[in-house]
2 protein chains.
Amino acid sequence: MTASSDMRDDALVPGSPAWWAARPGAHGTPRRGRPSLDPGHIVKTALRLIDERGVQDFSLRTLADELGSGTATLYRHFANKDEILAHVVDRVLGEPDLGDLDTLGTWQETLTTMGHRLYEVLRRHPAVIPSLMAQIPVGPNGLAQREHVLRALLGHGLPAGLAARAFTAVGHYAIGFTLQQHGPAAADPAAAPQLATFYRNLNPGSFPAITHTADVLTSVPLDEEFHFGLDCLISGIERHAPHD
Amino acid sequence: MTASSDMRDDALVPGSPAWWAARPGAHGTPRRGRPSLDPGHIVKTALRLIDERGVQDFSLRTLADELGSGTATLYRHFANKDEILAHVVDRVLGEPDLGDLDTLGTWQETLTTMGHRLYEVLRRHPAVIPSLMAQIPVGPNGLAQREHVLRALLGHGLPAGLAARAFTAVGHYAIGFTLQQHGPAAADPAAAPQLATFYRNLNPGSFPAITHTADVLTSVPLDEEFHFGLDCLISGIERHAPHD
DNA sequence: ACCTGAACACCGTTCAAGT
DNA sequence: ACCTGAACACCGTTCAAGT
């Protein structure tokens with residue numbers, strides 16, 4: 001069965017319409033000899049280049065060069081650059097295995113685990129985050145992730161509306177946190193920890209509150225900071241859940 | 001006094017180093033006759049073009065055309081395109097007046113009001129959100145906003161660490177929410193409300209949890225949805241605050 | 001001294017010409 | 001039939017030449 005049978009006929013997919021067509025391994029016999037140009041290999045190479053040089057410096061020209069082909073060849077596998085980026089995003093989202101989420105004891109643990117795994121993956125691929133935010137991830141792995149988490153939450157008795165909102169909230173939190181801490185300012189890789197320093201170096205007369213809070217902030221390790229905020233968020237959801 | 005006196009001498013500003021130099025109105029006598037090219041006018045026009053046509057279609061060429069000049073002229077006022085975008089972001093952040101935040105009764109109200117005003121502003125300028133996320137907003141208005149909110153929170157006795165994290169969390173939430181609901185998929189302006197429809201049209205056999213929760217989601221108005229999530233978040237912060 | 005037309009080195013995308 | 005070199009219409013940025 002093809003993956004497209006998972007959707008009702010002509011449903012318009014936000015983002016690219018032919019999401020599933022160019023999925024890795026969908027092509028026929030790979031050419032023998034030099035590394036073949038199946039979509040999976042293209043996407044894998046694209047991710048590596050983005051990780052190494054950043055999205056800003058990622059062009060179809062450099063991708064084609066790395067693959068030993070011309071740019072026109074890429075268009076035989078993907079509709080355009082955005083579609084390639086969308087597949088890169090989906091490949092990243094597929095890295096953590098979320099199939100074990102429903103073995104956890106509580107929906108709180110489910111959300112905590114989802115948050116941590118998402119955080120780990122985004123830390124590994126910070127340069128991909130802007131593409132992640134350019135559209136809602138509706139590729140196969142993005143959908144599978146959403147399905148696994150929602151299924152676990154519903155299984156623990158969380159109301160459907162709350163489950164959906166909790167998933168979104170945790171996702172936003174992890175993305176927003178990672179973006180500001182390891183985000184595309186990572187073009188200058190030393191810039192990330194300097195933000196607190198920048199705040200602390202402002203004029204205390206003009207910005208007393210900013211400078212004061214900056215002093216406290218720098219002493220907390222990033223992982224702990226992420227942990228704390230996630231706990232906060234889940235506590236808040238808990239207060240809106242039934243029988244508490 | 002110039003705005004730059006608010007910072008200690010050579011502090012490296014994340015993003016562009018000469019943030020304050022090109023602030024609106026800083027230039028001398030505007031040329032008489034046709035609309036002058038002071039930085040404020042350039043930024044205002046850039047924001048209008050981005051609002052009208054989206055960031056994707058915003059180029060220095062179109063901006064220069066709209067201003068009746070050449071692209072090279074823009075480089076006499078700003079270092080590069082990113083600096084122009086950073087100023088556009090700061091202009092947007094300056095739209096809500098946050099000076100009255102310390103008149104509110106509780107820190108919870110402070111955060112709620114901040115969230116709502118940020119949400120309103122982002123809804124008015126959804127095309128600017130990607131630029132907002134490209135770097136931490138450290139322009140004059142971004143700093144003033146942070147200072148006002150933190151001052152109000154500290155004034156209500158919130159610990160400094162919690163205040164800083166709460167500010168960040170609410171900011172992330174508003175940005176993340178607005179992005180997904182009114183974000184750059186707004187290239188297709190009908191796409192935003194279709195996300196829930198997309199989820200609902202998936203195969204219920206393959207995605208039972210997604211389709212089930214999608215049914216619930218569509219009935220809730222967006223403003224209410226935003227409200228609920230914000231309440232959730234603030235409740236969570238409340239549980240980590242002292243004497244509760 | 002100040003401004004900017006015209007060029008430079010790219011970019012995503014297309015298609016006619018090759019095999 | 002399949003592939004792709006070379007072109008097209010852009011882009012951000014620079015600078016020599018104008019005033």
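Labels below follow one simple rule: chain letters A, B, ... track the order of the sequence lines, proteins then strands, and each chain is numbered from 1. All values below come from the heavy atoms of this structure, side chains included, with hydrogens, waters and symmetry mates left out.
Distance Leu63(A) CG to dC10(C) C1': 17 Å, rounded to the nearest Å. The NE2 atom of His77(A) sits 12 Å away from the C1' atom of dT4(D) (whole-angstrom rounding). Taking atom CZ on Phe78(B) and atom P on dC3(C), their separation rounds to 14 Å, with Å as the unit. The nearest whole Å value for the distance from the CG atom in Leu74(A) to the P atom in dC2(D) is 18 Å. Between Gln56(A) atom CD and dC10(C) atom C1' the separation is 13 Å, expressed in whole Å. Whole-Å rounding puts the Leu49(A) CG to dC11(C) P distance at 12 Å. dG12(D) atom P lies 9 Å from atom CD1 of Ile84(B), rounded to whole Å.
Heavy atoms of other residues, nucleotides or ligands lying less than 6.0 angstrom from NZ of Lys44(B) number 12 at most.
With sequence neighbours excluded, no residue forms a salt bridge (Lys or Arg N to Asp or Glu O under 4.0 Å) with Glu120(B). Applying the side-chain contact (heavy atoms from CB on, under 4.5 Å) criterion to Glu95(B), with sequence neighbours excluded, gives Leu47(B), Val121(B), Arg124(B), His125(B). For Arg117(A), the side-chain hydrogen bond (donor to acceptor under 3.5 Å, both in side chains) partners two or more places apart in sequence, or in a different chain, are Asp100(A). In this view, Asp65(B) satisfies the salt bridge (Lys or Arg N to Asp or Glu O under 4.0 Å) rule with no residue, not counting sequence neighbours. The side-chain contact (heavy atoms from CB on, under 4.5 Å) check on Gln56(A) picks up nothing, with sequence neighbours excluded. Take Asp82(A) and apply the side-chain contact (heavy atoms from CB on, under 4.5 Å) test, not counting sequence neighbours, and it matches Asn80(A), Leu85(A). When the side-chain contact (heavy atoms from CB on, under 4.5 Å) test is applied to Ala46(A), the partners found at least two apart in sequence or on another chain are Phe58(A), Leu63(A), Ile84(A), Val88(A).
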Give me the distances for all protein-to-nucleotides 13-19 of chain D N/O pairs that come in under 3.5 Å?
residue, atom, partner, partner atom, Å
dT13(D), OP2, Tyr75(B), OH, 2.7
dT13(D), OP2, Lys81(B), N, 2.8
dT13(D), O5', Tyr75(B), OH, 2.9
dT13(D), O4, Thr71(B), OG1, 3.4

Subject >> Secondary structure string for DNA chain D (Watson-Crick or G-U under 3.5 angstrom, | for other-strand pairs) >> reply: ||.|||||...|||||.||

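To the nearest whole angstrom, the two P atoms, one in dC8(D) and one in dG18(C), are 16 Å apart. Straight-line distance between the C1' atoms of dT14(D) and dG12(C): roughly 23 Å, to the nearest whole Å.
Comparing atom distances between the Arg76(B) side chain and each of dC2(C), dC11(C), dT4(D) picks out dC2(C) as nearest.
A donor-acceptor contact shorter than 3.5 Å links the side chain of Glu147(B) to the backbone of Ile210(A).
The shortest distance between the side-chain N/O atoms of Thr73(A) and the OP1/OP2 oxygens of dC3(D) is not below 4.0 Å.
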